[in-house]
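What you see is a predicted model, and the numbers here were worked out from it, not measured in a lab.
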Amino acid sequence: MSGPLFGIVPAGQPLITDPTSNPSPASFLYALPTTKPFSHIVVFLLPAVALPDNSAAAIYLTTAREAAASPTPNFRFLGAIGPGKESAMFKVGGSGAEADGGGFMIGISVEPADGVGQRLQELAANKANAPASNSSGSTTTSTAVLAQRIIQNAFNFLASFSGTAGPGGVEVVPLRAFEDWWRKFESRVRSDPSFLEKQAD
């Protein structure tokens, strides 16, 4: 395998195709930039690149500091790409740099497809079990609470538009007011998807 094989795009950053180092013919290390924060990366096979038969590219994550300090750094398995799934998006953390300022390293290793498939199954099983272990800690906002906050947000906005109409003075809200709320709500969700989770109870 010669020439660049993989492309990496940290969210909002330029494409990376050249590895920082090449520890073996089938393994590649890429230093991710620390100039701007990001939380996700996309990894993909470059056009016209084909992996060897019955192989897949396993994707790993470590800190740049650990990679520099240890000949055998502790890599965390993120997932894989290969025939039939030539690209994937991965969450790497809250920002492009760890708290120590060292940044992240992505490792890509071309490995037998059977072994990579088994690791993918283990990763999926671990993710499926993770919410159950966190549920008592209430680290995430429940769907019911989020629904209540959306309704409260709408009620607070629309209350100022209420008026009366018809016999007996039935209370009504103009449809346009709801459309205005929906447009503003969508805009806020786009700019800060977690604003409802951060809202005080």
Notebook entry, point to check: What are the two closest non-hydrogen atoms of I41 and P10, and how far apart are they?
Noted result: CG2-CA, 3.7 Å
Note to self: Membership question, hydrophobic clusters at under 4.5 Å side-chain separation (ILVMFWY): are F104 and F6 in the same one?
What the structure shows: yes
Next item on the list: Evaluate whether atom CG of D114 has more than 12 neighbouring non-hydrogen atoms of other residues, nucleotides or ligands under 6.0 angstrom away.
Entry: no
Next item on the list: State yes or no: do V43 and L123 share one hydrophobic cluster built from I, L, V, M, F, W and Y residues joined by side-chain heavy-atom distances below 4.5 Å, directly or via other members?
Entry: no
Notebook entry, point to check: Considering residues at least two apart in sequence or located in another chain, which fulfil the ring pair (Phe, Tyr, Trp, His ring centres under 6.0 Å) criterion with F44?
Noted result: none
Check: Are the side chain of T17 and the backbone N or O of P4 linked by a donor-acceptor pair below 3.5 Å?
Finding: no
Notebook entry, point to check: Is the side chain of T62 donor-acceptor paired with the backbone N or O of N74 at a distance under 3.5 Å, no angle test?
Noted result: yes
Check: Looking only at heavy atoms, what is the nearest atom pair of F77 and A58, with distance?
Finding: CE1-CB, 3.8 Å
Margin query: Same cluster or not: L46 versus M89, using hydrophobic residues (I, L, V, M, F, W, Y) connected whenever any side-chain heavy atoms lie under 4.5 Å apart?
Written below: yes
Item checked: Contacts of A80 that satisfy side-chain contact (heavy atoms from CB on, under 4.5 Å) - sequence neighbours left out -> V116, L120
Margin query: Same cluster or not: V110 versus Y60, using hydrophobic residues (I, L, V, M, F, W, Y) connected whenever any side-chain heavy atoms lie under 4.5 Å apart?
Written below: no
Check: Quick one: CD1 on I108 to CG on L78, what's the gap to the nearest 0.5 Å?
Finding: 10.0 Å
Note to self: To check you understand the geometry: which heavy-atom pair defines the closest contact between M105 and L29, and what is its length?
What the structure shows: CE-CB, 3.8 Å
Next item on the list: Could you please spell out the steps behind the side chain to side chain contact (heavy atoms under 4.5 Å, CB included) verdict for I59 and I106?
Entry: CA-CA 7 Å; I59 317 297; I106 292 294; 4.0 Å; yes
Next item on the list: Determine the minimum heavy-atom distance between P23 and S27, stating which atoms define it.
Entry: CD-O, 3.4 Å
Checklist line | Residue pair K91 / R76: nearest heavy atoms and the distance that separates them | finding: O-NH2, 4.4 Å
Next item on the list: Return the set of residues passing ring pair (Phe, Tyr, Trp, His ring centres under 6.0 Å) with F75 (not counting sequence neighbours), or none when no residue passes.
Entry: none
Note to self: My understanding is that only residues two or more places apart in sequence, or in another chain, count here; which of them pass side-chain contact (heavy atoms from CB on, under 4.5 Å) with A88?
What the structure shows: I81, K85, F90
Checklist line | Residues forming a ring pair (Phe, Tyr, Trp, His ring centres under 6.0 Å) with Y30, sequence neighbours excluded | finding: none
Notebook entry, point to check: What pair of heavy atoms forms the shortest contact from L51 to P83, and how long is it?
Noted result: CD1-CD, 4.5 Å
Notebook entry, point to check: What pairs of residues pass the salt bridge (charged side-chain N to carboxylate O under 4.0 Å, His left out) test when at least one of them lies in residues 172-182, not counting sequence neighbours?
Noted result: D180-R183
Note to self: Closer than 3.5 angstrom, by distance alone: can the side chain of Q13 be matched with the main-chain N or O of K36 as a donor-acceptor pair?
What the structure shows: yes
